[in-house]
A.B. asks: 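Got a structure for you, written out below as structure tokens; questions coming shortly.
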Amino acid sequence: MKFSYYPGCTLHSTGAEYDQSVRAVCHTLGIELVEIPGWGCCGATSAHSVNELLAYALPAHTITNATEEAIAAPCAACYNRLRYTDVNLRENASLRAEVEKALDRPYRAGVAVRHLLDIIANDVPGEEIQAKLQGTLGGLKVVCYYGCLLTRPKKVAAFDDMEEPRSMDRLMQLCGAEVLDWPHRVVCCGAAFSLSRTDIVRHMTGKLLTSALRAGAEAVVVACPMCQSNLDLRQPAILKERGVRERVPAVYFTQLLGLALGHSAKALGFRKIMVDTSSLLARVEAGREAPAEAEG
Amino acid sequence: MSDPPVPNESTPAPAWEPNIVGFLCNWCSYAGADLAGTSRIPYACNVRIIRVPCSGRVDPLMILRAFREGADGVLVSGCHPGDCHYIEGNYYARRKFIALKQLLDHVGVDPRRLRFSWVSASEGRKWAEVVETVTRELLEIGPYRYDRDGDD
Amino acid sequence: MARIGVFVCWCGANIASTVDVESVAEAASRLPGVAFATDYKYMCSDPGQKAILEAAQEHRLDGLVVAACSPRMHEPTFRQVAAEAGINPFRMQMANIREHCSWVHADREEATAKALDAIRMMVARVAQSEPLEPIKVPVTRRALVIGGGVAGIQAALDVADGGVETILVERTPSIGGKMAGLDETFPTLDCSQCILTPKMVDASRSEFIKLYTYCEVEKVDGSVGNFKVTLRKKAKYVNHELCNGCGDCFHKCPYKKIPSEFDYGVGNRTAIYVPFPQAVPNKPVIDRETCVFFKTGKCRACEKVCLRNAIDFEQEDEFEEIDVGAIIVATGYDILEPAEMAEFRYGAIPDVITGLQFERMSSASGPTEGKIVRPSDGEEPKVVVFVHCVGSRDENYKEYCSKICCMYNAKHAIILKHRIHDAQAYLFYIDVRAGGKGYEEFWKRACVEEGAEYLRGRVSRLYDENGKVIVEGQDTLSGEQVEVVADLVVLATAMVPAKGTEEMARILGVSTDKDGFFNEAHPKLRPVDTATGGIFLAGACQAPKDIPESVAQGSAAAAKALGLLTKEEITREPTVAVVDPFICTGCWNCVTVCPFGAPEKSEITMTIDGRKVTRPVSEINEGKCEGCGLCVASCPGNCIDQRGFSDDQVYAELGGYLERLRAALTHE
């Protein structure tokens, strides 16, 4: 499997550990990633609230630069913007003409835009992953958090159920985690207001964190660097504000998968996570010593 | 009025317009074309409509006759699969025309000249789009005489 | 040579502004076979029709072409005119120069040319048209009503009132339908059962109504006036002739925890059961799926206790064939299973229920005897959230409006306040749609007098927290996100066609719309008919409807059926297929392709070279032929033709156009 890799701005900065773990996991699973030459920002949540043409032109530029037949995007926001652009440019000829004028070259329609979770959970056969496991997550209690952009809207992002996605759940179960049910798997963390209205972000992210803790989670598994930074960086302040003592680290699904595949915590960038992950890592370490459990 | 093509010329004269015969089933497509009218959706003037009870009523010979006697394209339009007023007439029609298309190639008619479409009674816009598409495509293909009179 | 009259309509400016009607009429008058042509402002008007009659007489016309609107609009009108003019109605054709021409083309020259082509084609067709006489078929004076909800009951009562025998078929053990389970009804708050049960009893007592409960329609053959219907009378395992409905059996049934279908799982029933106390007939059936005896071969408690020996475990499904002249379909609706919409966590949170479950709880004869409680702990809820448009008006589920939810949510809010005075209702809505007599006043009452809090916005998610249901939504009027901590959440889920509607459509040979509801023949002018003659629709099987509308349509369908059934014979379109027995070889291809079973295997005896020869031929049953022409186009020997759509007519019509093209080519 070979994909054009679109890390997006975040994976080169605040989400560097996501980038590290993505590359590590893909290497092990035999997914070849070719970084898109000259990729640009996807416009994220800002562009489309300012200028519609810009919001289409930015992702169109990146898609057109792709060298492979399909793009793998690890960031949910990038994924959503790219898909949104692709779906609309395919459907709307006049919009496409406008965008092509802005790009000054034809748009490359036909490139499949995929989220990395979709690829790993749905393209790589479960048995293949299982065969490569070097241990298990030792029954680590996790909640899977997909966020609001990964599966919605239905027309744009359709690789899993819009309201009750399960692909990450299945993947984590495969790795030996105990996946807990919780009602907030697709509820927004408020990332769009990260800088402008932090009160909203604290409110929304706070709900997620308390819900995850109530469910008994030892980790919130994420697939988006925006979600991760909200859940991680703001966590101490938010939970303190709510008078909650417990903490729950927000880790990327590729980090946990990476651990199960035998990569070291260091190689997967666990150091970059602000909330203490030592007990999580200790749990996994214990699981690794008893790999037989996973098969039972 | 559409001008006839000028014979013995390799490209169609610019004023040439395709002449298209449309066989429309009474229940869906004819009603869909009516709806395009009541909704005032404009479309190309090239199709002459023949109302038949069901697309299944259309005999392949009718289509061949149309080509033989001067039509540049034939459009058969029926109810959507599963919606046939007569339960399954449109399925028979579809099968028949898939076979006919292959035959057309054999007898020297560009199979693209025969189009089969599903237009329901509620799809006035779709009817207009079908006519537009068929007309545009036939403009590209050119007059049927070229199939007939062309070398080999 | 034919003497055809061509009449070009202006339709005011509708045609005349785009088509040069005068020059079209002038050109038409020179077409071969045309004896007279003219144009007039409104051909369908009285003076327009008179002009046709006069011209027909003056010019001794034997065929008509009316170039006007779509034949789907005015064909019956002008056929009638033709008949009055002494011209066979099937020698009248309409050239559609409005819907297919003037309304869709702007260029006057192009539109005029197309209009003339249309006339040319129709003139050629009329010249080839044989005069036809309508087919007369005797009518079976009996009606079948499928579905015993309020629409079906009303239809059956009204048909019976006309003195026509009616068979009312209901697949559950009792008639009454959804309405029998409702509490009070909007906007008058009269009790549903109080107004429905007398009708149910009337239906069971009427000398003209035969009630078949626990019975399904298996097969429908035949056509308008003469349907043959096979019914499957499901085994009840109780002999209703012997049973007196005492109820001893279900009191003794040891298996008591089966979720009741009638109560939508809010209450339970036994394995031998009557769905509700006011059921008609008020006699039990045994549910084979849940009865212990059928599972283990032991128990027979009901049999032991029955003094009349009515229990009969040996019963089997029985089939009965009935002849009817008309069918009224009233199969009703179901609600969209809310579990399909994960955001509402229905099923995961016990205190999230549907509107119909709320009805059963608030109904005085329901499982909680009218007490509104939380299913999780039986406590009285103090904060109740009602969610409108659950799955309706939602591009992810059903795009349409389910129509009744606005009103029943208002009703629920009022009932809640009446039963639990200190309770607070919150209603999340998109718009309040209250078109109906007394409806606007009713929801205003909920809002103003009963203190229901209306929040204009959708609910994004429900989840449970400390025994409460957290409802997250938005209030678009204040622009705020809102969160309501509720004790109970009631979902107004979308109305969908009843389970089995698709199968029923297949059995009946009628079509359904994109949402699976039965299709009416015309959305405005024939809302009760289906496209198949003799089959009519009533109630929510056609589209979401409330009680008054369902009842009205039930009566309307009855009127339609009576109109048909009070005739001695009916006339059918003569546009049927005909076999030429002299060339038919009996290959039975037509028998295979015909969806209606019209071609029948027959024999012909003829004398060839002085010898008598008997050989197989196909023969069309005109009563069954729907006139699709499929057999005509599929006959390998070209032995079948269709009256009114004959090959000659179609080729003539085609030729009318192609000759013009050929002429143009030669002209070069």
Side-chain angles (χ1 to χ4, degrees), chain B residues 1-7 17 19 21 23 25-27 30-31 33-54 56-62 65-66 68-72 79 82-89 92-93 96 120-122 128 131 145, chain C residues 69-73 96 98-107 109-114 116-118 121 125 506 509 511-514 519 531-532 575 593 595-596 626-634 638 642 644-645 647 650-651 653-662 664-665 667-668:
Chain B
M1 201 179 287
S2 52
D3 288 335
V6 183
E17 287 278 337
N19 299 300
V21 174
F23 291 99
C25 86
N26 179 47
W27 304 97
Y30 195 91
D34 276 0
L35 183 63
T38 42
S39 319
R40 311 293 200 280
I41 303 166
Y43 57 82
C45 201
N46 303 59
V47 178
R48 300 294 179 264
I49 293 170
I50 294 179
R51 181 164 70 130
V52 287
C54 175
R57 171 68 184 90
V58 181
D59 192 320
L61 287 173
M62 293 170 181
R65 170 85 67 100
R68 196 185 72 193
E69 298 191 4
D72 301 301
C79 305
D83 285 350
C84 178
H85 180 75
Y86 302 106
I87 306 171
E88 51 192 9
Y92 282 98
K96 231 178 272 179
S120 81
S122 57
V131 173
R145 316 189 71 207
Chain C
C69 51
S70 170
R72 294 173 57 87
M73 181 89 190
N96 185 341
R98 190 179 74 173
E99 281 84 347
H100 290 186
C101 188
S102 71
W103 275 350
V104 287
H105 305 310
D107 186 298
E109 201 177 311
E110 277 184 347
T112 302
K114 186 172 174 180
L116 185 57
D117 272 346
M121 292 160 80
R125 193 182 202 284
R506 196 188 55 72
S511 62
T512 51
D513 63 20
K514 69 180 189 350
N519 259 339
T532 306
T575 50
V593 299
F596 308 101
E626 290 284 329
C628 66
L630 185 55
C631 59
V632 185
S634 307
N638 223 5
Q642 183 176 9
F645 277 103
D647 281 358
V650 177
Y651 282 122
E653 190 174 341
L654 186 60
Y657 172 45
L658 298 175
E659 257 164 48
R660 203 261 294 156
L661 295 186
R662 246 201 336 255
L665 279 177
H667 185 66
E668 264 169 51

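All chains are named by letter (A, B, ...) in the order of the sequence lines, taking the proteins before the strands, and each is independently numbered beginning at 1.
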A.B. asks: Looking at B:Gly37, B:Ala121, B:Ser122, which one has more heavy-atom pairs under 4.5 Å with chain C than the rest?
C.D. replies: B:Gly37

A.B. asks: Side chain, backbone, both or neither: which part of B:Leu61 has a heavy atom under 4.5 Å from chain C?
C.D. replies: both

A.B. asks: Do C:Asn96 and B:Tyr30 have side chains that approach each other closer than 4.5 Å (heavy atoms only, starting at C-beta)?
C.D. replies: yes

A.B. asks: With respect to chain B, which residue among C:Val632, C:Val650, C:Val593 yields the maximal number of heavy-atom pairs within a distance under 4.5 Å?
C.D. replies: C:Val593

A.B. asks: Which of the residues C:Met121, C:Glu659, C:His100 is involved in the greatest number of heavy-atom pairs with chain B at under 4.5 angstrom?
C.D. replies: C:His100

A.B. asks: Do B:Pro53 and B:Tyr86 have side chains that approach each other closer than 4.5 Å (heavy atoms only, starting at C-beta)?
C.D. replies: yes

A.B. asks: Which residues pass the side-chain contact (heavy atoms from CB on, under 4.5 Å) test with C:Asp513, sequence neighbours left out?
C.D. replies: C:Asp515, C:Phe517, C:Asn519

A.B. asks: Could you check whether any side-chain heavy atom of B:Lys96 comes within less than 4.5 Å of a side-chain heavy atom of C:Ser634, counting everything from C-beta outward?
C.D. replies: yes

A.B. asks: Is C:Arg98 salt-bridged to B:Asp34, cutoff N-O under 4.0 Å?
C.D. replies: no

A.B. asks: Under a 4.5 Å heavy-atom cutoff, which of C:Asp647, C:Thr512, C:Asp107 has the most pairs with chain B?
C.D. replies: C:Asp647

A.B. asks: Short question: side chain of B:Arg48, backbone of B:Asn19 - any donor-acceptor pair under 3.5 Å?
C.D. replies: no

A.B. asks: Given a strict heavy-atom distance threshold of 4.5 Å, which part of C:Phe645 is in contact with chain B: side chain, backbone, both, or neither?
C.D. replies: both

A.B. asks: Side chain, backbone, both or neither: which part of B:Ile41 has a non-hydrogen atom closer than 4.5 Å to chain C?
C.D. replies: backbone

A.B. asks: Could you walk me through whether C:Cys628 and B:Arg57 pass side-chain contact (heavy atoms from CB on, under 4.5 Å), step by step?
C.D. replies: CA-CA 6 Å; C:Cys628 66; B:Arg57 171 68 184 90; over 6 Å; no

A.B. asks: For chain C, find which of B:Val47, B:Val21, B:Ile49 contributes the most heavy-atom pairs closer than 4.5 angstrom.
C.D. replies: B:Ile49

A.B. asks: Could you have a look at C:Lys514, C:Arg125, C:Glu99 and say which one has the most heavy-atom pairs with chain B under 4.5 angstrom?
C.D. replies: C:Glu99

